Protein chains: 2
Amino acid sequence: MPRHRITQADVATIAGVSQATVSFVLNDSAPAGVRISAETKQRVLDAIRITGYSANPAAQRLAGGLTQILGVFTYESTFPRSGRGFYGNFLVGIEHAAEQLGVDILLFTSARVVDGRRQLTRDGWQRLGVADGCLLLGQQEDRGELQHLLDTNYPFVFIGKRGSDRGRLPYVGADYVSATTRQIERLVALGHRRIGYVGLRGTDQPTLDRIEGYRLGMKERGLTARFVELDDVGATAAEIVDQGFTAILVAPENYPDELVDEVERRGTRVPSDLSVLLLGQPHHPRPGGRAWSGFSIPREEMGARALHLLSRLVAADTSRAGTRRPQPPELHQMLACVDVEGSTLAARDGADHRTEDA
Amino acid sequence: MPRHRITQADVATIAGVSQATVSFVLNDSAPAGVRISAETKQRVLDAIRITGYSANPAAQRLAGGLTQILGVFTYESTFPRSGRGFYGNFLVGIEHAAEQLGVDILLFTSARVVDGRRQLTRDGWQRLGVADGCLLLGQQEDRGELQHLLDTNYPFVFIGKRGSDRGRLPYVGADYVSATTRQIERLVALGHRRIGYVGLRGTDQPTLDRIEGYRLGMKERGLTARFVELDDVGATAAEIVDQGFTAILVAPENYPDELVDEVERRGTRVPSDLSVLLLGQPHHPRPGGRAWSGFSIPREEMGARALHLLSRLVAADTSRAGTRRPQPPELHQMLACVDVEGSTLAARDGADHRTEDA
DNA sequence: TCAATTCGATAATGCGCATTATTAGCCCAC
DNA sequence: GTGGGCTAATAATGCGCATTATCGAATTGA
C-alpha cells in the first residue's frame with residue numbers, strides 16, 4: 001500500500017533543501033539568478049544516492065521536457081506476412097541508432113489491427129504522445145492519418161520512399177531504381193541479353209521503382225523488356241522456360257524458392273541455364289535454402305538513418321525561437337542497395353538459347 | 001510557437017462543460033454520485049471528434065493511471081554478439097502478446113553499455129518509470145540491480161530460467177534439461193551408444209542445464225558421458241573423430257557449421273558417420289547452411305508468455321486493497337523445447353565404430 | 001552607515017489528467 | 001413550506017517535475 005516512489009520532494013527533505021533545489025542540481029542548470037553552492041549540491045547528490053531516487057518520466061514529460069523516447073509504428077502487423085524478417089532488420093538499425101542517441105524505442109503494438117493493418121487513428125493517437133517523435137514503416141499509410149500528423153506538426157519519418165505529397169513527407173528510402181538497373185549491367189556484362197522481369201505489378205513504391213529500374217536498364221542497353229506476371233508458381237515457371245530467358249529478375253515477394261524449384265523441375269538448371277537475380281532479400285527464406293544473387297536493401301542502415309533524422313526533426317521542432325535554429329535536416333535520404341554475390345548468377349553459356357531480338 | 005496540443009480543457013470549452021465532465025465521458029466512468037446526461041455526453045463526444053483530441057499519456061500516468069506500456073530490457077547489447085537472431089524471436093512473441101494485450105512495448109535502448117552489458121542503474125532507472133512493468137532478458141544480470149527492483153516492488157519478469165534467489169524472481173524459461181535428455185533418447189533409439197557432448201562449460205543457466213540433461217540421459221541409459229571442450233575448432237573436430245563418436249550433442253554457440261566442416265574435412269560424413277544434434281537454434285546461421293537436427297527453444301512462446309505474466313503482475317500490483325485480488329499468477333513457467341527433424345541425424349550404421357564400453 | 005549588489009536559495013505556478021468533494025436545481029412527501 | 005432524495009453537473013485537488021518569480025542574508029561601495 002505505501003508503495004510510494006521516491007520523489008524530488010523526499011530527496012529535498014533528506015538533504016534539507018527545497019524540491020526546486022533538487023531539480024536544479026539534477027538538471028545541472030542555473031536559471032539566471034539561481035545559484036547552488038558546491039556544498040549544498042553535494043548534500044543533494046548524496047541524498048539521491050542514498051534514496052536511489054529516479055525521476056518520474058511522466059512528470060518530466062508533463063512539465064514540458066522531452067521523454068527521450070522515439071516511437072516506431074508499423075502499419076502492417078508483423079505476423080501475418082513475413083514473420084520478423086521484414087521489419088526485423090530495420091529494427092536492428094533503429095536500435096543501434098537509439099543506443100547512440102541515448103533514446104528509448106517505443107513499439108506501438110497496441111493499435112488494433114483492422115483489415116490486416118494497424119490503425120493510427122483513435123487509440124493510436126492517444127499513444128503517440130509519449131514519444132517525442134515517430135518512425136513509420138509499412139506501405140499502407142492512410143491519407144487522413146498523414147494529414148493529421150502534418151497538421152499537428154508531430155515529428156515523424158517514413159522508412160521507405162514516399163512518392164505522394166512530394167516534399168512534405170520526410171523519409172529514408174532505398175534506391176531500388178538504380179539497384180535494379182545495375183543488375184542488368186551485371187547480367188549484360190556476363191553475356192545475357194534475354195532478361196525477364198518476374199513479379200506481380202503492385203502500386204507500392206518498391207515495385208514501381210523496380211519496374212522503372214528494369215525498363216530503364218533494358219532501354220539503355222537497347223534490350224526488350226519482358227514481363228512475366230502470373231499468380232500461379234507453376235504457370236510462371238512454365239512461362240519463364242517458354243520465353244527462353246537466360247536470366248530473370250525476381251521480386252522477393254514472389255516466392256523465388258518455389259519458383260526456381262519449378263523451373264528446375266522443367267529441366268532448366270539454375271544458374272547454368274538460367275541466372276536468377278533477386279531484387280531484395282528473400283521474404284520467406286528457407287532453412288537451408290539458396291544463396292540468392294541480386295541486391296539487398298540496406299535495412300539496418302535505413303533504420304539507423306531514419307532514427308537519426310527523426311532525432312534531428314525533434315530537436316529542430318523544440319528549439320526555441322530565441323535560440324539559433326540548427327540547420328534544417330535533409331528531409332529525404334536515398335540509400336544505395338548493395339549487390340549480393342550469391343550462387344544464382346552465371347555467365348551465359350552462349351549456345352543453345354534463342355537469339356536476342358534487339 | 002503556439003503549438004498547443006488540444007487538451008480536455010479545450011474540449012470542455014467547446015462542449016460547454018467542465019474539464020472533469022470530459023474526463024468522465026472519456027473514461028466512461030461514473031464515480032459514485034456523478035451523472036452525465038446522454039445529451040451532454042453526446043456534445044462532449046462531438047467536440048472530441050471535431051478537435052481530434054487525444055489524451056496526453058504522460059498526464060494520464062502522472063494522475064495515477066497506467067500507461068499500458070510494458071518495457072523490455074536486454075542486458076547484453078544486441079549487436080556485438082549474435083545480431084538479431086538471438087533476441088529477435090523473443091521479440092516476435094512479445095510483440096504478438098502485446099498486440100493481444102493492447103499494450104505498447106518500450107525497448108530500453110538508452111542505457112549506456114559498459115563492458116558489453118547495459119547498466120540498469122542510474123540513467124536506466126530513470127527510464128523504467130514510464131513503463132508499468134518490465135521484461136528482462138540476458139544472462140548478465142547484476143545482483144544489486146535486482147535487489148533494487150525487488151525493493152521498489154517494480155513488476156518485472158525474466159526471460160530465461162533463474163537459478164539464484166529461488167522463488168523470488170519471476171521468470172519464463174525453457175526446459176533445456178529434459179530437452180537434452182530427450183535427444184539422447186532419440187539417438188539411442190537409432191542405435192547410437194557412443195554419444196559425446198561438445199561445448200564449453202559456462203556458468204550460464206542454459207549450459208548448466210544442457211550438461212545436466214546430458215549427464216542424466218546418459219546415466220539413465222547406462223552410457224558414459226564424454227565431454228569435448230576445446231577452444232579451437234580444428235582441434236575439437238580432431239578430438240571428435242578420434243573419440244569415435246557416432247553422435248554428438250553440440251551447443252549452438254560453438255560454431256557448429258565450422259565444426260562440422262572440419263569434421264567432414266577429416267573424412268567423417270555427417271550424418272552417415274556422425275549424427276550431430278544441436279541443442280538449440282544456431283546462433284550464427286549461415287545463408288544456405290545446414291538444416292540442423294536437435295531441438296529448438298520456443299522463443300516466441302517464451303516471449304509471449306513472459307509478457308502475459310508481466311501483465312498479470314502489473315494488474316495484481318495495482319489492484320486496490322478493497323477489490324478482490326485476482327489469483328496470484330504462477331511466478332515460474334517452464335516451457336518445453338520442440339525437437340527438430342533436420343538433416344544431421346541418421347541411424348547408426350553399426351559396423352565400423354568402436355564398441356561402446358558401457 | 002545605508003543603499004546597491006551579489007549570493008543562495010525558496011515559494012509558487014502550471015503541465016493535463018483522474019478523482020473527490022461539493023453544489024445547484026428540482027420533485028416529492030409529510 | 002420544508003426537509004429529504006434525486007439528478008446533473010462543477011470546483012478543487014494532487015500526481016512529480018521544470019521553471020519563474022521572489023526573498024532574505026551577506027557582501028560590497030561610497
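What you are looking at is a predicted structure, and each value in this text was computed from that prediction instead of being measured. Within every chain, numbering begins at 1; the chains are lettered A, B, ... in the order of the sequence lines, protein sequences first and strands thereafter.
Qualifying side chain to side chain contact (heavy atoms under 4.5 Å, CB included) partners for A:Ile36, counting only residues two or more places apart in sequence or in other chains: A:Thr21, A:Phe24, A:Val25, A:Val34, A:Thr40, A:Lys41. In this structure B:Ile50 satisfies the side chain to side chain contact (heavy atoms under 4.5 Å, CB included) test with no other residue, sequence neighbours excluded. Applying the salt bridge (Lys or Arg N to Asp or Glu O under 4.0 Å) rule to B:Arg305 yields the partners B:Glu301; only residues at least two apart in sequence or on another chain are considered. Looking at residues two or more places apart in sequence or on another chain, you find no side chain to side chain donor-acceptor pair (under 3.5 Å) involving B:Asn27. Considering only residues two or more places apart in sequence or on other chains, A:Ala97 meets the side chain to side chain contact (heavy atoms under 4.5 Å, CB included) condition with A:Ala304, A:Leu307, A:His308. Under the side chain to side chain contact (heavy atoms under 4.5 Å, CB included) criterion, B:Leu137 pairs with B:Val72, B:Thr74, B:Tyr87, B:Phe90, B:Ile159, not counting sequence neighbours.
Listed candidates were C:dG8, D:dA21, D:dA18. Nearest to the side chain of A:Ala63 is D:dA18.
Atom CD in B:Glu39 sits about 11 Å away from atom C1' in D:dA8, given to the nearest Å. One can place CD of A:Gln60 at 14 Å from C1' of D:dT19, the figure rounded to the nearest angstrom. As a whole-Å value, the separation of A:Gln8 CD from C:dT10 P is 13 Å. B:Asp10 has its CG atom 10 Å from the C1' atom of C:dG16, to the nearest Å. Whole-Å rounding puts the B:Leu62 CG to C:dG16 P distance at 12 Å. In this structure, B:Ile48 places its CD1 atom 10 Å from P of C:dC17, rounding to the nearest Å. To the nearest angstrom, P of C:dA9 lies 6 Å from CD1 of A:Ile36. Atom-to-atom, CG of A:Asp28 to P of D:dA18 comes out at 13 Å; the value is rounded to the nearest Å.
Dashed line: the shortest gap from a side-chain N or O of A:Thr40 to OP1 or OP2 of C:dA9 is under 4.0 Å. Taking 4.0 angstrom as the limit, A:Arg35 places none of its side-chain polar atoms (N or O) nearer than this to OP1 or OP2 of C:dG8. Look at B:Ser37 and you won't find any side-chain N or O under 4.0 angstrom from OP1 or OP2 of D:dT7.
Only A:Gln19, A:Ala20, A:Ser23, A:Phe24, listed by number, bring a heavy atom of residues 15-24 of chain A to less than 4.0 angstrom from any atom of DNA chain D.
Taking CD of A:Gln333 as the reference point, atom CG of A:Leu331 lies at 9.0 Å (rounded to 0.5 Å). Between B:Phe108 atom CZ and A:Ile69 atom CD1 the span is 7.5 Å, to the nearest 0.5 Å. Note that CG of B:Leu70 is 12.0 Å distant from CG of A:Leu107, once rounded to the nearest 0.5 Å. Rounding to the nearest 0.5 angstrom, the gap separating the CG atom in A:Leu135 from the CD1 atom in A:Ile94 is 5.0 Å.
Terminal axes of the helix from C:dT1-D:dA30 to C:dC30-D:dG1 (five pairs each, C1' rotation axis) are separated by 80°, to the nearest 10°.
Under a 4.0 Å N-O distance rule, the pair B:Asp46/B:Arg49 qualifies as a salt bridge.
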All N/O contacts under 3.5 Å from nucleotides 23-29 of chain D to the protein, with atom names and distances to one decimal?
none

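A:His332 and A:Tyr171 make their closest contact through ND1-CE2, 3.3 Å (heavy atoms, listed as atom of the first residue, atom of the second, distance).
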